[in-house]
Amino acid sequence: MGSMANSSTDSADQPRPLPNWWQQKDFGKQAIGAFKTGLAAVICVWLGNLLGLERSFWAAVSAIVVMAFDTTITFASCRDRIIGTAIGAFLGWVTFYAWHGHYVIYGLAVALCIFVCSALAYDKAGRLAAVTLSVIVLVKFDGGPAQAAISRFLEVGLGIVVALAVTTLVFPARAAQTK
């Protein structure tokens, strides 16, 4: 009889897979992160249009790329994004004048972006620098490469500022929640 009592309490003590899975996924935190990312994207497009940025979608894309569920990761992503964009904008502006459709020059410039960022110990910024360079070199801009570089930097900068503001001001993470 004692074994029957144990078996009934054992089955009651066994974890239920769905609720545990639900708790482990921390959907509340994920929902807040998703909301904050969507909010940052909307603010970027709205502000970009208000400020007259021709390609305000880059601000939204930047905010989406850097937003994370963890504030520390968001700050690191913002740092990498702005450094990569600055290096890529400068090298893209310079490369534009040497480019003239030469694929080897373009490839070397992409490699240089990645190398420079790695040499400065910002490895993750290298890909972002290469993307910025590619946009400036490969996309035709009416204002020329200098205008393209400045616009790209301002658009990305807006996205980063908005992402940082939303991260710190909207449902800010408390110290106990960030462990």
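These numbers come from the heavy atoms of this one structure, side chains and all, not from hydrogens, waters or symmetry mates.
Across all their heavy atoms, Gly88 and Ile136 have their closest contact at O-CD1, 4.1 Å. The minimum heavy-atom distance between Cys113 and Ala130, with the atom names listed, is CB-N, 3.9 Å. Minimum heavy-atom separation, Gly92 to Val137: O-CG2, 3.7 Å. The shortest heavy-atom contact between Ile82 and Gly157 is CD1-CA, 4.1 Å.
Residues Ile83 and Val110 are members of one and the same hydrophobic cluster, defined by side-chain heavy-atom contacts under 4.5 angstrom among Ile, Leu, Val, Met, Phe, Trp and Tyr. A single hydrophobic cluster is seen to contain both Val94 and Phe153, as judged by linkage of ILVMFWY side chains at heavy-atom distances under 4.5 Å, directly or through other members. No single ILVMFWY cluster, assembled from side-chain heavy atoms under 4.5 Å apart, contains both Leu158 and Phe75. In the hydrophobic cluster analysis, where Ile, Leu, Val, Met, Phe, Trp and Tyr join through side-chain heavy atoms closer than 4.5 angstrom, Leu164 is grouped apart from Leu169. Phe141 and Val156 fall into different hydrophobic clusters, where Ile, Leu, Val, Met, Phe, Trp and Tyr residues are linked whenever their side-chain heavy atoms come under 4.5 Å apart, directly or through other members.
For Tyr122, there are no side chain to side chain donor-acceptor pair (under 3.5 Å) partners at least two apart in sequence or on another chain. In terms of the side chain to side chain donor-acceptor pair (under 3.5 Å) criterion, Arg152 has no residue partners (sequence neighbours excluded). In this structure, the side chain to side chain contact (heavy atoms under 4.5 Å, CB included) partners of Val116, at least two apart in sequence or on a different chain, are Ile87, Leu112, Leu120. Among residues two or more places apart in sequence or in another chain, the side chain to side chain donor-acceptor pair (under 3.5 Å) test is passed with Gln147 by Ser151. Among residues two or more places apart in sequence or in another chain, the side chain to side chain donor-acceptor pair (under 3.5 Å) test is passed with Thr168 by none.
Atom SG of Cys78 is separated from atom CD1 of Ile73 by 12.0 Å, given to the nearest 0.5 angstrom. Remark: Lys124 NZ to Ser77 OG distance equals 7.0 Å, nearest 0.5 Å.
Grouping Ile, Leu, Val, Met, Phe, Trp and Tyr by side-chain contacts under 4.5 Å, direct or through others, leaves Leu128 on its own. Applying the 4.5 Å side-chain rule to ILVMFWY residues, one finds Leu108 in the same cluster as Val104. Connectivity analysis of hydrophobic side chains (ILVMFWY, heavy atoms under 4.5 Å, direct or indirect) links Ile150 to Leu154.
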Practice item. In sequence, state the C-alpha distance, the side-chain angles, and the governing distance for Leu133 and Trp93, and then conclude on side-chain contact (heavy atoms from CB on, under 4.5 Å). Key: CA-CA 8 Å; Leu133 175 131; Trp93 173 63; over 6 Å; no

Pair up each side-chain donor or acceptor in residues 53-64 with any protein partner under 3.5 Å, not counting sequence neighbours, and list the distances.
from	atom 1	to	atom 2	distance (Å)
Ser56	OG	Asn49	OD1	3.0
Ser62	OG	Trp58	O	2.9
Ser62	OG	Arg81	NE	3.4
Ser62	OG	Arg81	NH2	3.1

Which donor-acceptor pairs under 3.5 Å do the side chains of residues 95-102 make with protein atoms, sequence neighbours left out?
from	atom 1	to	atom 2	distance (Å)
Thr95	OG1	Leu91	O	2.6
His100	NE2	Tyr97	O	2.8

Give the table of side-chain donor-acceptor pairs shorter than 3.5 Å for residues 31-41, with sequence neighbours excluded, one pair per line with atom names and distance.
from	atom 1	to	atom 2	distance (Å)
Lys36	NZ	Thr167	O	3.2
Lys36	NZ	Val170	O	3.0
Lys36	NZ	Phe171	O	3.4
Thr37	OG1	Gly33	O	2.9

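Within a 6.0 Å sphere centred on CZ of Arg79, other residues, nucleotides and ligands contribute more than 12 heavy atoms.
For residues 128-137, the set of pairs meeting the side chain to side chain donor-acceptor pair (under 3.5 Å) definition, not counting sequence neighbours, comprises Tyr106-Ser134.
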